[in-house]
Structures are given as C-alpha cells and as structure tokens.
Amino acid sequence: MTLDQKILWTRISLILFGLGMWEGFCVCGIIDPYFFGQPTSICQDLWSMIIDGSIFFHTWITLFEAMAGFFLGAVFGCVAALILGMSPFWAKVLDPLIMVVYGIPRIALAPLFILWFGLGLASKIVFAFTLVFFLVFFNTFAGLKNMNQGMINTIRVMGAGRRQIMHKVILPGISPWVMAGLKSGMGMSLLGALVGEYIGGNAGLGWMINSAAGLFETNRVFSAIFALALLVMATNAVFNKIERRVLKWRPENINL
Amino acid sequence: MTLDQKILWTRISLILFGLGMWEGFCVCGIIDPYFFGQPTSICQDLWSMIIDGSIFFHTWITLFEAMAGFFLGAVFGCVAALILGMSPFWAKVLDPLIMVVYGIPRIALAPLFILWFGLGLASKIVFAFTLVFFLVFFNTFAGLKNMNQGMINTIRVMGAGRRQIMHKVILPGISPWVMAGLKSGMGMSLLGALVGEYIGGNAGLGWMINSAAGLFETNRVFSAIFALALLVMATNAVFNKIERRVLKWRPENINL
Amino acid sequence: WAGDLKKITCAEAVRGFFFLPLYVAMGQNMFQEQGLDVSINSAQGGPLAMQALLSGQVQFCATGHGQVANMWEQGKSTKIVNQMQDKCTFYLVGRPEIKSIAGLKGKMIGCTKIGAETDGVGRYLAAGAGLDPEKDITMLGVGGMSTMASALQNDRVQAVVSWQPLTHRLIKEGKGTLLARLNTMPDSYTHFDSPSYSFSVIQVTDQFIAQNPETVQQFVNAMVKAEQWIGAASMDDIARTVAPFFAGMDFDTIRQSVIEDSGAFTKTGIVTQKGHDTAVAVFTAAKILKKEVPFEAIVDNTFTKNALGQ
Amino acid sequence: MIQLDNICFSHIANDGTSVPTLQNLDMHIRENEFVSIVGPSGCGKTTLLEIILGLTRQDSGNVRINGATQNQTFGWAGYMSQSDTLLPWRTVLRNVQIGPEIKKIPKTEYEPRINKLIQKVGLTGNETRFPSELSGGMKKRVDLIRTLAFNPEVLLLDEPFGALDAQTRENLQQDLLSLWREEKKTIVFITHDLVEAIMMSDRIFLMGSKPAGIKKIFDIQIPRPRQYHVQFEESFIRLHKHIRQTFESLSGNQS
Amino acid sequence: MIQLDNICFSHIANDGTSVPTLQNLDMHIRENEFVSIVGPSGCGKTTLLEIILGLTRQDSGNVRINGATQNQTFGWAGYMSQSDTLLPWRTVLRNVQIGPEIKKIPKTEYEPRINKLIQKVGLTGNETRFPSELSGGMKKRVDLIRTLAFNPEVLLLDEPFGALDAQTRENLQQDLLSLWREEKKTIVFITHDLVEAIMMSDRIFLMGSKPAGIKKIFDIQIPRPRQYHVQFEESFIRLHKHIRQTFESLSGNQS
Ligand SMILES: Nc1ncnc2c1ncn2[C@@H]1O[C@H](COP(=O)(O)OP(=O)(O)OP(=O)(O)O)[C@@H](O)[C@H]1O
Ligand SMILES: Nc1ncnc2c1ncn2[C@@H]1O[C@H](COP(=O)(O)OP(=O)(O)OP(=O)(O)O)[C@@H](O)[C@H]1O
Ligand SMILES: [Mg+2]
Ligand SMILES: [Mg+2]
C-alpha cells in the first residue's frame with residue numbers, strides 16, 4: 001500500500017467511523033435526529049435529490065457563484081496588494097480604512113447589494129468577492145513585506161522594468177503567501193456565496209439550506225451540507241494539485 | 001509635518017471627503033437616504049445613543065465577543081497547526097476534512113450552536129471562534145511549510161528538545177505568517193460575533209443592525225456601522241503596534 | 001408560448017405556509033393563464049424582500065401586513081393589493097410543563113427577533129392572559145424556525161411564537177404544548193377582540209401600480225382565483241398542489257400544516273378595516289409602529305374587487 | 001568609467017540610529033580595467049558596490065557612470081551579490097537564462113553561450129535542479145554564470161569564488177580573465193584573498209575600517225598573462241607582504 | 001570517537017529521482033583530533049557532516065559516536081553550517097546566547113565567556129544589531145562564536161572562515177587552535193583552502209567527486225604549535241603540492 005493509498009483509506013475510515021457514530025447515537029437516542037438529522041435519512045433524502053437531479057443543479061449554481069467570486073477576489077486582492085505594496089505611503093493611509101470595509105458585516109448592506117446587483121447570481125458573486133478579496137489582499141501584502149530584497153536587486157540591476165520584476169521575482173516570490181490566502185479564500189468564497197443565497201434567491205445550496213431550515217427540515221439541511229462537503233473536497237483536491245505544482249520548487253517536508 | 005502626521009491628515013481628509021460626498025449626494029437627491037442613510041442624520045442618531053450611553057453598551061458587548069472569539073481562535077488555530085505540522089501524515093489525512101468544516105456555513109448549524117451554547121455570549125464567541133480558527137490555522141500551517149530547515153537543525157544539534165525548538169525557532173520563524181492570519185482573523189472575529197448576534201440575542205451591534213434593518217431604520221443601521229468602524233480602527237491600531245513590535249527584526253521597507 | 005408571457009418576479013419574506021395561495025397559483029398555472037411568467041425569490045425575512053421590491057428588483061412582494069405599515073411609516077408608500085390570510089397563523093407553544101399562558105409568568109418567550117411581528121403577538125397574548133408584557137415575561141429574539149426549536153428544546157426559552165410546520169411537529173412529538181392558536185374566528189375574538197387580522201398580503205409599489213395597472217390586475221386575478229380554488233378544494237388537493245414548494249418535507253406534514261392553518265384562509269382576498277386595525281394594533285404593541293396608519297395609505301382593494309367582479 | 005567623489009553614507013539601523021559606513025570615499029575606475037577592492041570584513045565593500053549600482057543612494061557625494069550622474073539607471077552592469085540571490089523557483093538553467101530573458105534576446109541566440117558556461121563551471125547534468133538541491137559552492141557557481149550570461153559591459157562581483165575549492169577556483173579565475181580580455185569588460189572584484197587580487201587585478205583598492213574610504217591604491221605592474229607560478233616569484237611575494245602589512249596597519253583596531 | 005563504516009547515501013531530488021552522493025564511505029576520527037575534510041565543490045562534504053550529526057539518515061552503513069550507534073541524539077556536537085542560519089529575530093548577542101540558553105546555563109555563568117568571544121571576533125558594539133544589519137563576514141563570525149559559545153566537546157565546522165579577510169581569518173584560526181588545545185575538543189573542519197587545512201589539522205581527509213568516499217588520508221606530521229612561517233618552508237610546500245596533485249587527479253572529471 002503506497003502512502004497516498006494509506007492516507008486515502010485512513011480518511012475514508014475516519015469519515016465512515018464518524019457517520020457510524022452519528023447514526024448509532026441517533027438510534028440509541030443519545031442525540032436527537034430532530035436537530036442533528038440522521039445519516040440514513042439524510043442519504044435517502046440526498047438520493048431522492050440525485051434521482052430528480054435537483055441537487056446537481058443547486059450545487060452547480062453555488063459552485064459557479066463561489067468560483068466567480070473566488071477568481072475575482074483573488075485577482076483583485078492580489079493586484080490591489082501589489083499596487084499598495086508599491087506605495088508605502090498610501091498603504092499606510094488606507095490600512096485602517098481597508099480594515100473597516102473588511103469588518104463591515106455584509107449582511108447589514110444587503111439592501112444595497114440588492115439595489116445594485118439584484119437578486120440573481122451577481123449579488124452572490126459580489127458577496128463571495130468581498131470576502132475573498134480581503135483574505136487574498138492581506139496575505140499578498142504580508143508576502144510583499146517578506147520579500148527578499150537581494151533577489152529583487154539582482155534582477156533590477158539587470159535592467160528589468162517594473163513589469164519584469166513583478167513577473168519574474170515578486171509574483172513567484174510571494175506565491176507561498178498568495179496560495180495560503182487562496183486556501184482561506186476558497187472556503188470563504190463558498191461561505192460568501194451561501195450567505196448571498198440566504199439573503200434572497202431561488203437556487204443554490206444556500207437557498208436550499210435556508211428554506212429547509214426555515215421549514216425545520218433538518219435532514220434536508222444536512223443533505224445540502226453533505227453536497228457542500230463533497231464540493232469542498234473536490235475543489236480542495238484541485239487546489240492542492242495546483243498548489244503542489246506552483247510550489248514544486250520548495251522542499252516538501254520540513255522536519256520540525 | 002512628520003510622515004506619521006501626513007499619513008494621519010491624508011486619512012482624515014479622505015474620510016471627510018467621503019462623508020461630504022455622501023451628504024452632498026443625499027442633499028441633491030442623487031442617492032436615496034432611505035437606502036444609504038445620510039451622514040448628518042446618522043451623526044444625530046449616533047449622538048443620541050452616546051447621550052443615553054446605549055452605543056457604548058452594545059459596542060462593548062460586540063467587542064467582548066469578538067475579542068474572546070479572536071483569542072480562542074488564534075490560540076487554538078496556532079496550536080492545531082503546530083500539532084499537525086509535526087505529523088505530516090495526519091495533516092494530509094485531515095486536510096480535506098478541515099476544509100469541509102471550514103466551508104460549512106455556520107448559519108446552517110445555528111440550531112446546534114444554540115442547543116450547545118445557548119443564546120448568550122457563548123454562542124457568539126463560538127461563532128467568531130469558528131471563523132478565526134481556520135484563518136489562523138491555514139496561515140500558521142503554511143508558515144511551517146516555509147520554515148528554514150537550517151535554523152531548526154542548528155538549534156536541534158545543540159540538543160534542544162521539541163519545546164525549545166518550538167519556542168526559540170518555530171514560533172518566531174512563523175510569526176510573519178501568524179500575524180498575517182491574525183490580521184484577517186481580527187476582522188473575521190467581528191463578522192462572526194455580528195452574525196451570532198443576528199441569530200438571536202438582545203445586545204450588541206449586530207443585534208442593533210438586525211433590529212434596525214427590520215424596522216427600515218437605515219440611519220440606525222449606519223450608526224451601528226459607524227460605531228463598528230471606530231471599533232475596527234481602534235483594534236487595528238493596537239494590532240499594528242503589536243505587529244511592529246513582534247516583527248521589529250524585519251527590515252521595514254522592501255523596495256519593490 | 002412561454003415567450004409571450006410577461007416575466008414577473010415575486011419576492012417572498014420566507015418560504016412558508018403563510019403564502020399558500022401564491023404557491024397554488026403557481027402550481028395550478030393560474031399566472032400563465034393571465035399571461036404572466038412568475039418566479040418566486042425567497043428572501044431572509046420580510047424587510048429584505050421589501051427592499052428588493054423598493055429597489056425595483058422584483059415587482060411583487062409577499063409579506064406581512066404590518067411590515068407594509070411600518071414601511072409606510074418610514075416614508076416609502078406601497079400598497080397591499082391582495083390578502084392571503086386574514087387571521088394570524090402564529091401559534092404560542094410552550095414547553096410541555098407549561099400548561100397555560102398565565103403559567104409563563106417570569107419566563108422567557110422566544111420570537112424571531114425583538115420588534116418583529118412575532119414579538120408583538122407574544123406581548124399581545126401575554127397581556128390578554130393578564131400578564132404585564134413589560135415585567136412578567138421577557139421576549140427574546142431567537143431567529144428562525146430551527147433555532148427556535150432548539151432554544152425551546154434546551155430550555156433557553158419556555159415558550160415560542162411559532163408557525164407551521166414547527167407547531168405541528170413540536171406537539172406531535174411531545175416537545176411542546178399548544179398555549180394559543182389564533183387562526184379561527186373564535187380564537188381571533190378571544191385574543192385580539194376582532195374577527196380578523198390582516199396577516200399575509202401581496203404588496204406592490206405605488207409607482208408600479210401607476211405604470212402597470214394591467215399587470216397588477218393580472219397578478220391579482222390569479223391570486224383571487226387561487227384563493228377561491230383553495231376554498232373549494234380538499235385539503236389533500238391543496239397539499240398535493242403545494243408539495244413541490246416544500247421539497248424534502250414529507251407529505252403528511254404538509255397536509256397537516258395546511259389543515260392546521262386552514263381557518264386563516266382568506267375568503268375574498270379583500271383587506272378589511274378590522275383586519276387592518278388589528279394588525280396595526282399588534283405592531284404598535286411591539287413598538288414597531290409609532291404613528292397612526294390610515295387604512296387607505298397602504299391598502300388598495302380595487303384590483304381584488306375587480307377580480308371578484310364587484 | 002566609474003567615478004565616485006567624496007561619497008558619504010550612513011546606514012539607518014532598525015532602531016533608527018544612523019551608522020556611518022562610508023566617509024569621503026573617492027574612487028575612479030577606468031574603462032576595461034580589472035580592479036579589486038579589499039578591506040576588513042564589515043568595512044563597507046558591499047555597500048560601496050550597491051552605491052555604484054544605484055541600489056543604495058549615497059548621503060552626499062557624486063557617482064558618475066561614463067560621465068553621467070548615476071540616477072538609478074540599471075542594465076549597464078552585472079552584479080553578483082555576496083549573499084545567495086538565486087531565484088529558488090527557477091531551475092539552474094532558468095536562473096542562468098534570466099539575464100538574456102530580461103534583455104529579450106531570443107533563446108536560440110543565448111542558448112549555446114549558456115550551455116558553454118554551465119559546462120565550464122562543471123554543472124552539466126544539474127540544469128534541471130532547483131537551488132535548494134545544490135551544495136553551497138554549486139549555488140555560487142550558478143550565481144556567477146548567471147551574471148556572466150547577462151553579459152554586461154561592467155561586472156561587479158562580490159566574493160565570487162569564496163566557497164569554491166582551489167582547483168575550481170583557479171579554473172574560474174582563468175575563465176574570468178580570458179572573458180575580460182576577449183570581451184573588453186570592466187570588472188570590479190571584491191575578494192578577501194590577496195593572492196587572488198594580485199593575480200587578477202590592474203589595481204587594488206584598499207579600504208580602511210568603518211567608517212571607511214579608500215586608504216590606498218596599489219598598481220599591479222606584473223605583466224599579463226600572469227601564469228600560476230608568478231605567485232611564487234620574489235616580486236610577487238614582496239608585493240603580497242607589502243599589501244598585507246598596509247592592510248594590517250590600517251585595520252589594527254579590527255579584531 | 002566518530003566512526004563511519006561503509007556509508008551510502010542518495011539524495012532524493014524534488015522530481016523524485018535518487019541522486020547517489022556518498023558511496024561506501026569509511027572514516028574514523030579519534031578523540032581530540034583536529035581533522036579537515038577537503039574535496040571538490042558538491043562532492044558531499046556537507047552531507048557527510050549532517051550524517052555524522054544525525055540530521056540526515058544514511059541509506060546504509062553505520063555511524064558510531066563514542067561506540068554507540070548514532071540514533072538521532074543531539075547535544076554532543078556544535079555545528080556551524082555553511083549557509084546562514086542565524087536567527088533573524090535575535091540580536092547578535094542573543095544569537096550567541098542560544099547555546100547556553102538551551103543548556104539552561106545561568107546567565108551569569110556564560111556572560112563573560114560570550115563577551116570575550118564577541119570581542120575576539122571584533123563584533124564589540126554590534127551586540128544589539130539584528131543579522132539583517134550585518135555584513136556577510138560579520139554574520140559568519142557571529143555564527144562561529146555561536147557555535148563556540150555552545151561549547152560542545154565536538155565541533156563540526158563547515159567552511160567557517162570562507163568570507164573573512166586574511167587577517168581576521170588568521171587570528172581566528174589561532175583562536176580556534178588554542179581553544180582546541182586548551183579545552184581538548186575534537187574538531188572536524190571543512191575548508192577549501194589547503195594551506196589552512198595543512199596548518200590546522202592532524203589529518204586531512206580527501207573526498208573524491210560525487211558519488212564520493214574518502215579517497216585519501218593525509219597525516220600532517222608538522223609539529224605544533226605551527227607558526228605562520230611554516231607555510232613558506234620547503235616541506236610544507238611539498239606537502240601542499242602533493243595534496244593538490246592528488247586532489248586534481250581524483251577530481252579530474254569536475255570542471
Ligand atoms: N535535495 C537534494 N536533491 C538532490 N541532490 C542534492 C540535494 N541536496 C544536495 N544534493 C546534491 O548532493 C551533493 C552534495 O552536496 P553537499 O552540499 O554535501 O556538497 P559539498 O561537498 O558540501 O559542496 P560545497 O563544497 O559546494 O559546499 C551535491 O552534488 C548536490 O547537488
Ligand atoms: N541595515 C543596516 N543597519 C545598520 N548597519 C548596517 C546595515 N547594513 C549594513 N550595516 C553596516 O554597514 C557596514 C558595512 O557593511 P558591508 O556589507 O558593506 O560590509 P562588507 O565590507 O561587504 O563586509 P564583508 O566583507 O563582511 O562582506 C557593516 O559594518 C554593517 O554592520
Ligand atoms: Mg560584503
Ligand atoms: Mg557544503
């Protein structure tokens with residue numbers, strides 16, 4: 001058994017064990033399926049949604065919103081950090097203001113979001129965007145502060161312009177930081193899309209969770225969460241692949 | 001005028017300019033105060049809450065919840081990352097599961113939060129915690145992967161035990177990463193506390209925003225946001241001070 | 001065929017049995033018959049749904065009568081053009097050990113949030129049972145249906161102002177006792193001293209009425225037809241028709257909820273002065289409304305009357 | 001070619017204090033000259049190079065490159081810094097290619113030259129390794145040929161041969177000298193090895209201890225090409241000793 | 001004291017391939033011995049030290065320290081690595097203190113020793129500077145005295161004097177030798193400077209090119225203390241040339 005297989009099997013056993021405990025507790029009456037759902041019922045419900053295809057539709061909607069918000073947030077967060085990194089004065093001026101915008105609960109601005117972006121996909125994408133943006137921004141900016149001046153100098157001396165320095169030194173140099181920001185941002189983009197769906201809509205896993213919770217259908221809530229979990233695992237796997245490729249120059253294991 | 005003063009004045013001018021535009025647009029009817037509030041009315045409202053002291057009470061509640069969640073999240077996030085950093089096998093096994101837990105919308109689990117933590121401060125703190133934890137965790141973990149093996153080796157060779165290595169090399173070595181995680185976490189702790197207050201309770205800025213929004217009192221919503229903004233600026237200033245002290249060994253300006 | 005239909009979006013405050021006629025009109029294709037292609041958008045509560053209406057993102061809004069009154073007070077004039085329920089379909093459910101409303105003295109009552117309609121109803125019921133809503137009970141905001149259930153389960157609150165299907169489930173599973181229901185004429189008299197309580201309604205902006213009277217008429221026509229259909233149909237037929245709107249809920253629960261709420265189904269869709277006054281009174285009790293709200297300011301029965309052929 | 005007049009420079013330390021490093025430093029390097037800078041550790045040699053390059057700005061005094069005031073214009077010189085500045089995300093080959101890449105020279109043009117350089121420093125077979133997979137001396141060699149591959153008129157080299165064994169070192173010295181001769185470069189060379197300095201340079205600039213200026217300039221008259229055995233000749237040894245003594249008398253306060 | 005038998009080791013490169021570095025390496029270092037390891041750049045000297053220390057685990061073969069199998073036990077040796085491993089968040093003084101700190105020696109006890117070390121390497125006045133504020137050579141000196149301040153029985157030094165000017169270098173060589181003599185240390189020393197190796201060592205181990213073993217051991221019989229001028233003596237020069245030739249003949253394939 002290779003290491004990768006071992007990891008996979010341990011993971012699967014853990015999940016099955018967790019589900020088994022959950023089911024067992026429900027059957028024994030230790031936990032109340034009323035609030036916690038019950039794996040077998042959840043699976044039934046999930047199956048019914050697989051049969052009628054509705055789960056795929058809603059999952060796809062949420063995935064689309066989250067990904068769109070994620071990409072926009074990643075690109076703009078990164079670019080904004082790079083621009084501010086170039087001008088320390090404005091970075092200092094804007095620092096608390098950026099933090100304030102980050103700290104404003106988006107839900108308080110929901111009416112404005114609806115006013116500007118409607119109740120369709122756009123407002124959900126914007127919700128996801130406003131969360132991802134900051135996570136990527138803060139990490140990218142911190143990465144810039146941690147850059148190795150020597151590397152930049154060596155390339156600058158060769159007559160490299162701003163764009164070349166950016167492209168050949170800074171971007172790869174901050175990539176471990178950006179990747180860490182993207183990892184946080186990935187989860188947050190889902191949360192953002194879900195919150196956006198909460199506020200108003202008629203599709204997506206967030207909408208599903210919201211209407212099911214509003215009708216106290218615990219199993220349906222957990223069905224949506226299951227679908228979400230699979231979605232997260234899939235995107236996470238893709239992300240890890242990309243990360244490994246981007247950072248393949250870095251020694252894999254540090255012996256702490 | 002020193003640089004610091006120049007920064008401060010530019011910042012203040014920016015804010016005043018923004019507020020001026022906002023007020024001007026309201027007066028000219030370009031934007032609708034019903035959705036956007038109006039700075040003068042907001043200040044009036046804020047003033048009335050300063051007079052009766054209620055704003056301080058609610059701000060304090062939110063600050064307390066956010067800070068408690070922040071500290072718990074910071075400590076546990078950091079510790080969890082360090083523990084998993086020590087065992088790459090379990091880190092790989094758990095990676096997608098951690099991501100899944102991170103990606104589950106807390107609001108869907110609100111009934112469980114209430115069941116376990118009630119409707120008081122505890123459930124809000126837990127809300128903030130579950131957001132901060134992951135941001136700090138991901139950054140700390142990424143920091144560990146970026147550690148300099150040479151430094152660890154030098155100290156290890158001297159016979160340092162795990163705790164000493166942790167204390168003398170790893171923690172200071174990952175501090176730029178942890179600080180970046182804490183910066184994101186700080187804003188997120190406020191968002192967590194606010195969302196917690198939305199769900200239930202009878203105090204805090206989130207509760208205030210939620211009830212005001214339910215009554216269409218836009219100005220009151222923005223009053224709470226103003227109070228929140230000041231709160232964010234204050235905590236951010238404190239954070240920057242601490243960060244500068246923790247990272248004072250790092251050259252301040254990188255010439256990009 | 002579908003291409004000729006006028007696209008309309010209707011926001012609803014929440015997915016729930018309050019808006020049954022809307023779902024029936026959808027499920028029985030009554031909007032299509034009127035030349036409308038309606039889609040429903042659920043929001044997180046009435047205020048947000050109404051913000052969507054005001055910002056022009058949706059054309060119709062299904063919400064509570066009192067909310068419309070509150071919005072008018074805040075300076076945005078809109079009109080109720082049709083009524084879906086003319087009794088309150090909130091229920092007061094206590095923990096099993098609580099036997100009567102009076103038994104709630106010194107206890108906590110959960111509502112969705114302070115200042116919401118549930119808050120007002122809770123205070124009203126307490127007052128009616130001889131308790132002082134300011135001193136003898138504490139109202140506490142506990143959010144939506146599922147958080148409400150867990151707050152009650154965990155004894156964080158001793159009673160909740162709930163609705164269907166939660167009420168039905170709490171009682172069926174022995175987790176609560178029904179302390180008050182409000183959705184029949186006698187109940188309404190007992191607690192509100194009024195035959196009716198204008199509860200769930202269809203709202204449009206004044207501007208939309210002025211610019212698209214025929215669209216409003218088409219929409220209301222379908223609503224009235226649905227309301228009449230509900231009056232004639234069996235409970236099973238109603239439940240079957242709306243079941244797709246409650247995906248994931250078992251049929252029995254849907255059916256039972258419809259039966260429980262059936263006393264509140266509007267007969268005509270017309271808002272009465274009494275109903276308006278009761279709603280306003282409850283919202284005033286919850287300190288949401290501070291001014292008198294004249295009937296004509298927020299109600300426009302002409303479309304419903306047209307639809308009824310009056 | 002490179003003219004420094006009355007340069008003063010103080011580092012600003014992290015705690016805000018100002019640490020005078022260079023004081024009234026004058027230096028004039030002619031075109032096609034090979035000069036070495038020697039001086040005690042920490043005297044400001046690296047700082048000096050960075051001022052010449054325009055990476056650091058002097059507090060006062062003038063730097064002129066080809067008669068024009070140095071105005072943070074780059075591209076005219078190659079710089080091999082003392083510390084490891086290889087790009088860790090680029091393989092050996094791609095690190096070496098960065099100079100031509102920046103100059104936008106087509107690959108076909110620079111490829112043969114780069115392959116020759118890699119082969120000369122004995123790194124053939126390591127083209128696809130990342131810097132983290134190299135030994136200390138291998139990194140230095142990559143860094144050196146990265147600077148050479150950039151192929152500028154002027155080369156500023158900060159201890160290029162520090163971490164290399166004697167044999168490799170001598171080979172590279174010869175390679176550098178022939179490059180200098182054939183391609184008419186101007187080379188500024190920092191070293192701690194006086195023999196190396198004498199063997200290679202036209203002139204040696206001796207710096208004092210911090211805050212430092214140029215304390216002494218030695219003209220090396222030994223005819224070129226200088227063979228390996230000149231270092232055992234009487235005149236060489238005398239020169240070596242002379243420089244050594246001047247050095248010691250100047251930096252008596254160090255260590 | 002340190003005994004290596006038949007050591008084989010391959011690096012696993014990032015791309016997963018295995019790069020043989022050490023092959024059938026035998027080495028025996030006696031107690032209180034001063035040995036140097038020389039070899040072409042990239043032959044595996046650093047790797048060898050790390051295997052001795054237990055930081056890297058050999059693929060096959062045995063490492064014995066004082067008779068016991070090396071089992072990733074630490075604390076018995078001080079290691080000055082080739083690359084910069086100063087802790088950037090500690091000042092010079094606190095970097096040097098880390099050894100005694102780890103050993104939990106009270107401050108009063110180690111303070112005088114550390115102050116003397118700092119003074120000896122000419123870093124007085126820089127105690128509160130951070131590594132980022134030091135020159136390359138200064139960092140090396142801090143690193144050296146950090147290892148010395150730790151004061152272990154065995155010292156493994158990887159090119160400790162690489163970046164230092166001749167004068168500082170010779171002073172430090174003398175300091176290290178007297179420390180070795182007075183405190184009876186065992187020292188393993190990697191250098192590229194054959195003169196330095198001969199001047200300081202009891203024995204010189206010559207490594208071949210990768211995959212390498214110990215190709216030759218030179219016993220240096222020159223009586224101690226060896227004065228500066230012995231390097232100009234006939235016998236010294238002969239030895240130097242001999243080692244040099246052996247070196248060259250072995251690593252003919254390099255460069
Ligand atoms: N992670 C790695 N992957 C592949 N090869 C490696 C790795 N680390 C080191 N090597 C190879 O191992 C060999 C020995 O490296 P080592 O650092 O021990 O050499 P060294 O003798 O110390 O050289 P120098 O004198 O240049 O410091 C080198 O050829 C190097 O390319
Ligand atoms: N950021 C800084 N703050 C304060 N002092 C500094 C800073 N950077 C360098 N110095 C000081 O400037 C002096 C010159 O440094 P420089 O690197 O130029 O020396 P060098 O001649 O290259 O030495 P070496 O031969 O050791 O490389 C040193 O004494 C160093 O302590
Ligand atoms: Mg230097
Ligand atoms: Mg080495």
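Quick note on labels: first sequence line is chain A, next is B, and so on, each numbered from 1. Side-chain atoms are counted along with the backbone in the values below, which use heavy atoms only and exclude waters and symmetry mates. Since this is a predicted model, take the numbers as computed values, not measurements.
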Spacing of CD belonging to C/Q57 relative to CH2 belonging to A/W116, to within rounding of 0.5 Å: 12.5 Å
Point-to-point distance, once rounded to the nearest 0.5 Å, from OG of C/S42 to CD of A/E197: 11.0 Å
Interchain contact, C/I254 with chain A, by part (heavy-atom threshold 4.5 Å): neither
Considering all heavy atoms, the nearest C/S146-A/A213 contact: OG-O, 3.0 Å
Residue C/Q44 versus chain A: region with a heavy atom under 4.5 Å: both
Leading residue by heavy atom contact count with chain A [cutoff under 4.5 Å; candidates C/M145, C/M50, C/R15, C/E12]: C/M145
Least distance between heavy atoms, C/L48 atom then A/I114 atom: CD2-CD1, 3.9 Å
Region of A/D32 that comes under 4.5 Å of a non-hydrogen atom in chain C: side chain
Over 12 non-hydrogen atoms of neighbours within 6.0 angstrom of CZ in A/F64: no
Chain A contacts, top residue of C/P47, C/P165, C/G45, C/A43 (heavy-atom pairs, under 4.5 Å): C/A43
Residue C/A247 versus chain A: region with a heavy atom under 4.5 Å: both
A/A212 versus chain C, the contacting section by heavy-atom distance below 4.5 Å: neither
Residue C/E173 versus chain A: region with a heavy atom under 4.5 Å: side chain
Greatest number of heavy atom pairs closer than 4.5 Å to chain C - which of A/I199, A/L119, A/N202: A/I199
Top of C/A52, C/A49, C/S55 for chain A proximity - count of heavy-atom pairs under 4.5 angstrom: C/S55
For the student: nearest non-hydrogen atoms of C/A149 and A/F216, plus distance: CB-CZ, 3.4 Å
Heavy-atom closest pair, residues A/E217 and C/F246: OE2-O, 4.3 Å
Most chain C-contacting option - heavy-atom pairs closer than 4.5 Å, from A/N210, A/L215, A/V221: A/L215
Among C/S257, C/G144, C/S150, residue most engaged with chain A (heavy-atom pairs, under 4.5 Å): C/S150
A/Y198 portion near chain C, given a 4.5 angstrom heavy-atom threshold: both
Chi angles and distances behind the side chain to side chain contact (heavy atoms under 4.5 Å, CB included) call for C/Q51, A/F113: CA-CA 10 Å; C/Q51 302 279 24; A/F113 279 98; over 6 Å; no
Crowding at CD, C/Q74 (>12 non-hydrogen neighbours, <6.0 Å): yes
